[in-house]
Amino acid sequence: MSDDQVLLDWGSGVASLTSSGEPHRRRERSVDATGWRAMASSPDSLPDTSSEPPCDAQWWRAAVIYQVYPRSFADSDGDGVGDLPGVIAHLDHIAGLGVDAVWLSPVYRSPQRDNGYDVSDYQDIDPSFGTLADLDELIRELHRRGMRLIMDLVVNHTSDEHPWFIASRQNRTGATADWYLWRDARPGTIPGQAGAEPNNWGAAFSGSAWQWVPERGQYYLHLFSVEQPDLNWDNPEVREAIFAMMNWWLDRGVDGFRMDVINFISKDPALPDGPVDRAGYGDGTPYFVYGPQVHTHLAEMKRRVFDHRSGSYLRVGEMPGVTPEQARELTDSKHGPLNMIFQFDHVYLDQDGDKWTPRPVSVSDLRDTLAHWQLALADSGWNSLYWSNHDQPRAVSRFGNDSRYWRESATALATLLHLHRGTPYVYQGEELGMTNAPGESIDDFRDIESLHHYADAVERGEDPTVVLAALRRMSRDNARTPMQWTSGRYGGFSTTKPWIPVNPNHHWLNAAAQVRDPHSIYYYYRALIALRHQHHAVVDGEFVINETGRDQIYAFRRTAGNEAIETYVNLSDNPVSIDELEPNALVLLLGNYPESVRDTTRLAPWEARVYRRRFG
Ligand code: NOJ
């Protein structure tokens, strides 16, 4: 297959394999034959893109990663739940974007209390998703298309149905007795009664973070739901078991791990009470967000799992609450145990104290927060870039305008993110501009966090319509409605009623329609991803903020060697004047408005432009 065929054939894949069978990304020579390129500039004015790509050992620096939440991606066997064969059947949709890797949310055996983030067997696939043979086929099919597979690694906690925990809860002397965080009741209290918990911490999914187990006569810690007991990482046997399991997956052919709340694995051994929050529980985060051993444990993981291997594997840590300084240390290219982390500062901006009390976000707050991380990790460390994932509301509904400026704001937000320094992540459906769900009644929700919050808030006497309004805005289910493949029944996700309602807007918002439309959001993402693969400055260029129009605009420049890429994004519903952009010095690489309305002194609502500056 020639390069040209690969690039112009929709969905035919973009890769070749090296002789060792390792996925190998060819550099793509052009965006493609879709409208965005034509809107941006003529092929003759495109820049020379001959600069060297970063070396393969750090492939993830020039990569874009696509997240699949398998439960909601595609159902192949008509049970209403997405599965691995469904993912395999739609790989050309993902490959068509030009992404480099897929992060797969958990498919391990699990009672599914938290949709797989509660694992009962790390070395098997849950029957609702398929089999190990399906997973092997997924690896093969991804590698064949030049993409890598990043597995989710959920090892802060297991399911309470994991055999380790089942044994641990029985008594204090068995083989895994000390594999979880067991504690006696608070001195002077009656064990098992309210107030006897070892400390006052609340769990992320409501209630106390402690659960009493009569047969053992102790409490166990669960930072999330009661069905997700926290592992005791200070026990070397626990670490040994986890490292062996990770090695088993890497030997099987996976290309790295996204590590779930991995900064929570080390707790202050004193487990002190925390300041009491609105729900009446103590906030334990100061004692587990960046605990005393986290760095040491992750450094050991790197040594034991990755350092002896010749390949280059991705290690990305999900890390709510870490500071830029901690992130620098963790992701330093010489000494850091990780390649990059997911920080949360920008997705906390619209929360007033807790996620169920939303507040508006100003453009200047958003840009200052994102820019702060860009600058903090400028000369050491590396950023992950994201708007969306399975835990966040849909970006276009949250930070954009999902009605009047749906297409414009979805593409504006994408432009801003993808032109930053770091590795961008695209969450399934984001490339179509999928929106929040209508969530008309509590019966439309499935997420453990949302359902627990609703029950607790209503029990406390809060108005159910107000609680529902907050869920509609912030619930994780907004991201979990089925992928909208077609305008047909159930959005082409399944042949039967899906486990969670399909967003009714699939009638017009779906992949099939966007693949037919050269000006779709899907093709805009493809053009953006190609920009990263073509321009060294997009990957590695220094980030310099431009203070123009702070209240509406986010503008910045990326420079590397003699290349400078400038991005201008209007993050508002109103047009905004800008200083005259120098028509002779700038070559437009990409824009989300047609040329006929483009003006060098004004940005239209949610207009985004990416220019290359000519030197000399
Ligand atoms: C973070 C995951 O992204 C989320 O979905 C999950 O509920 C918690 N960690 C607990 O595993």
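Note that the structure is a prediction, hence the values are computed from the model and not measured. Whatever order the structure lists ligands and atoms in, that order sets their numbers, starting from 1.
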For [atom], closest protein heavy-atom neighbour:
atom: atom 1 (C) of ligand 1; value: Asp260 OD1, 2.9 Å
atom: atom 6 (C) of ligand 1; value: Asp114 OD2, 3.3 Å
atom: atom 8 (C) of ligand 1; value: Phe224 CE2, 3.8 Å
atom: atom 3 (O) of ligand 1; value: Asp391 OD2, 2.4 Å

### Task
For Arg258 and ligand 1, answer yes if some heavy atom of the residue is under 4.0 Å from a ligand atom, otherwise no.
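Yes, Arg258 has a heavy atom closer than 4.0 Å to ligand 1.
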### Query
Does ligand 1 have any atom that is closer than 4.0 Å to a heavy atom of His157?
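For ligand 1, residue contact (heavy atoms, under 4.0 Å) with His157 is present.
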### Task
Check ligand 1 against Arg476 and write out every atom of the ligand that is under 4.0 Å from a heavy-atom position of the residue.
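Under 4.0 Å from Arg476, ligand 1 has these atoms: 4 (C), 5 (O), 6 (C), 7 (O).
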### Query
For ligand 1, which atoms, with element, lie under 4.0 Å from some heavy atom of Phe205?
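Matching atoms, with element in brackets: 7 (O).
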### Query
Does the gap between the ring centers of Phe264 and His157 come in under 6.0 Å?
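Between Phe264 and His157, the centre distance exceeds or equals 6.0 Å.
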### Query
Below 6.0 angstrom between ring centroids: does that apply to Tyr122 and His162?
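Ring centres of His162 and Tyr122 closer than 6.0 Å.
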### Message
Please determine whether side chain to side chain contact (heavy atoms under 4.5 Å, CB included) holds for the pair Trp356 and Leu471, giving the CA-CA distance in whole Å, both sets of side-chain angles, and the decisive distance to 0.1 Å.
### Response
CA-CA 7 Å; Trp356 308 114; Leu471 286 190; 3.3 Å; yes
### Task
Test Tyr386 against every option in Trp373, Phe342, Tyr425 by the ring pair (Phe, Tyr, Trp, His ring centres under 6.0 Å) rule and name the one that passes.
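In the set Trp373, Phe342, Tyr425, the residue that makes a ring pair (Phe, Tyr, Trp, His ring centres under 6.0 Å) with Tyr386 is Phe342.
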### Message
Within 45 degrees of the ring normal and closer than 6.0 Å to the centroid, is that where the cationic atom of Arg183 sits relative to Trp210?
### Response
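Geometry flag: not set, cation outside 6.0 Å or 45°.
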### Query
Do we get Arg61 above Trp382's six-membered ring, with its NZ or CZ under 6.0 Å from the centre and within 45° of the axis?
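Relative to the ring axis of Trp382, which defines the angle, Arg61 lies inside both limits.
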